[in-house]
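Right, one structure below, let's go through it.
Everything numeric here is computed off the predicted structure, so don't read it as measured data.
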Protein chains: 2
Amino acid sequence: MGIQNTLKALSDPIRREILNLLKSGRMAAGDIASHFPVTDASISRHLSVLKEADLIRDTREGKFIFYDINTSVLEEVMLWISDLKGENGK
Amino acid sequence: MGIQNTLKALSDPIRREILNLLKSGRMAAGDIASHFPVTDASISRHLSVLKEADLIRDTREGKFIFYDINTSVLEEVMLWISDLKGENGK
DNA sequence: ACTATAATTAACAATTAGGTTAAATGTTAA
DNA sequence: TTAACATTTAACCTAATTGTTAATTATAGT
């Protein structure tokens, strides 16, 4: 965990786009995958990276696994950036 | 340029620590390098990645090359995150 | 039990990233 | 111009990342 995992996860454009998709609501893995020109397997690994970083959460419902965005870990990134900009303790 | 370069640059812990060092003021490349357990050449490449992302600026002064942090490009990251969190248009 | 569907995991290939050492570049001073 | 210093660039190696296809796991319906 930590900012390292978060930033690593965010450094890939497909993973950022996945988060963008999930912004509008939960989605099943296959539905997510259909938005990208790569295989389901590839997307599945991207999802596991995002999950490892706690940027998404998964829930199985029958045959489907639904993914939800979890933006709370992004707070740490915001704080890190703010600190870098010297916007803390002011 | 763009958010891709920025996030890629931020995804490495040495590069983040370099930015942290520069927060307190400009530093020569060698001075920066002395803070890390890797070679000067390795730090030099990290510096070029940060420069490519426009997160730092360099100025030669005699034998030395000084590096300054440039936080303005971080604004884009902040906005991207805010947007993801649905904090826009509110 | 069998089949179809949804998704992940495994095994492998190709690319990218980060480290090293050695050579090259730029600058200063003798 | 030669030597010394600061830094970068080149060449190379290894490890990590990303993609593919094929196999596996999990669930639902017949």
Side-chain angles (χ1 to χ4, degrees), chain A residues 1-22 25-70 73 77, chain B residues 1-22 25-70 73 77:
Chain A
M1 303 233 200
I3 203 167
Q4 176 59 34
N5 273 351
T6 311
L7 287 171
K8 203 81 188 175
L10 294 179
S11 75
D12 182 273
I14 288 190
R15 289 194 288 267
R16 285 198 304 279
E17 187 56 29
I18 289 174
L19 293 176
N20 237 353
L21 285 173
L22 295 180
R26 68 210 290 265
M27 256 183 174
D31 196 1
I32 294 169
S34 71
H35 286 78
F36 300 93
V38 295
T39 60
D40 291 7
S42 187
I43 294 300
S44 185
R45 265 196 315 106
H46 281 301
L47 289 170
S48 81
V49 172
L50 288 168
K51 195 184 155 188
E52 184 97 12
D54 202 29
L55 280 160
I56 58 175
R57 301 264 167 74
D58 63 330
T59 324
R60 179 178 278 276
E61 279 178 29
K63 276 195 293 194
F64 302 88
I65 298 179
F66 286 93
Y67 284 93
D68 288 278
I69 195 169
N70 170 37
V73 292
V77 178
Chain B
M1 306 238 192
I3 203 167
Q4 176 59 33
N5 275 350
T6 310
L7 287 172
K8 204 81 187 177
L10 294 180
S11 75
D12 181 272
I14 288 189
R15 290 194 287 267
R16 286 198 303 280
E17 187 55 29
I18 289 173
L19 294 176
N20 238 352
L21 285 173
L22 295 179
R26 68 210 291 263
M27 258 183 173
D31 196 2
I32 295 169
S34 71
H35 286 77
F36 300 94
V38 295
T39 59
D40 291 7
S42 186
I43 295 299
S44 184
R45 269 201 309 108
H46 281 302
L47 289 169
S48 82
V49 171
L50 288 168
K51 194 184 157 189
E52 185 95 12
D54 203 28
L55 280 161
I56 58 175
R57 301 266 168 72
D58 64 330
T59 326
R60 180 178 278 276
E61 279 178 29
K63 277 196 292 197
F64 302 90
I65 297 179
F66 287 93
Y67 285 92
D68 289 278
I69 196 169
N70 171 36
V73 291
V77 178

TODO: Identify, between A/S48 and B/I43, the residue whose nearest nucleotide on DNA chain C lies closer to the 5' end.
DONE: A/S48
Whole angstrom is fine here: how far is it from [atom1] in [X] over to [atom2] in [N]?
X	N	atom1	atom2	answer
A/R26	C/dA7	CZ	P	12 Å
B/D40	C/dT20	CG	P	10 Å
A/D12	C/dT16	CG	C1'	12 Å
A/K51	C/dA7	NZ	C1'	12 Å
A/L7	D/dT17	CG	P	14 Å
A/K63	D/dA26	NZ	P	16 Å
B/E52	C/dG18	CD	P	13 Å
A/R45	D/dA22	CZ	C1'	15 Å

Open item on the list: Just verifying a value: how many Å separate B/T6 OG1 and A/L7 CG, rounded to the nearest 0.5 Å?
Closed with: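 B/T6 OG1 to A/L7 CG: 11.5 Å, rounded to 0.5 Å.
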Task: Atom pair CZ/OH of B/R57 and B/Y67 - distance to nearest 0.5 Å - done: 13.0 Å
Open item on the list: Using side-chain heavy atoms (C-beta onward) and a distance below 4.5 Å, is A/D31 in contact with A/F64?
Closed with: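 SC-SC contact between A/D31 and A/F64 ruled out.
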Open item on the list: Does this structure show an ion pair linking B/E61 with B/R26, if we count only N-O contacts that are shorter than 4.0 Å?
Closed with: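 Salt bridge present between B/E61 and B/R26.
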Can you find a side chain N or O atom of [X] that sits less than 4.0 Å from OP1 or OP2 on [N]?
X	N	result
B/T39	C/dG19	no
B/H46	C/dG19	yes
A/Y67	C/dA6	no

Taking the side chain of [X] as heavy atoms from C-beta outward, which of [options] is closest to it?
X	options	answer
B/R15	C/dG18, C/dA7, D/dA10	C/dG18
A/K8	D/dT17, C/dT5, C/dA17	D/dT17
A/S42	C/dA7, D/dG19, D/dT8	D/dG19
A/I65	C/dT8, D/dT20, D/dA10	C/dT8
B/S44	C/dT20, D/dT21, D/dT9	D/dT9
B/A29	C/dT21, C/dA7, D/dT7	D/dT7

Counting the atoms with a prime plus P, OP1 and OP2 as sugar-phosphate, which does [X] contact under 4.0 Å by heavy atoms, base, sugar-phosphate, or nothing?
X	result
B/R60	sugar-phosphate
A/A33	nothing
B/F36	nothing
B/I14	sugar-phosphate
A/F66	nothing

Task: Sole candidate of A/D58, A/I65, A/I32, A/L55 that passes side-chain contact (heavy atoms from CB on, under 4.5 Å) when paired with A/L47 - done: A/I32
Task: Heavy-atom closest pair, residues A/D40 and A/A33 - done: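 What the structure gives for the nearest pair is OD1-CB, 3.5 Å.
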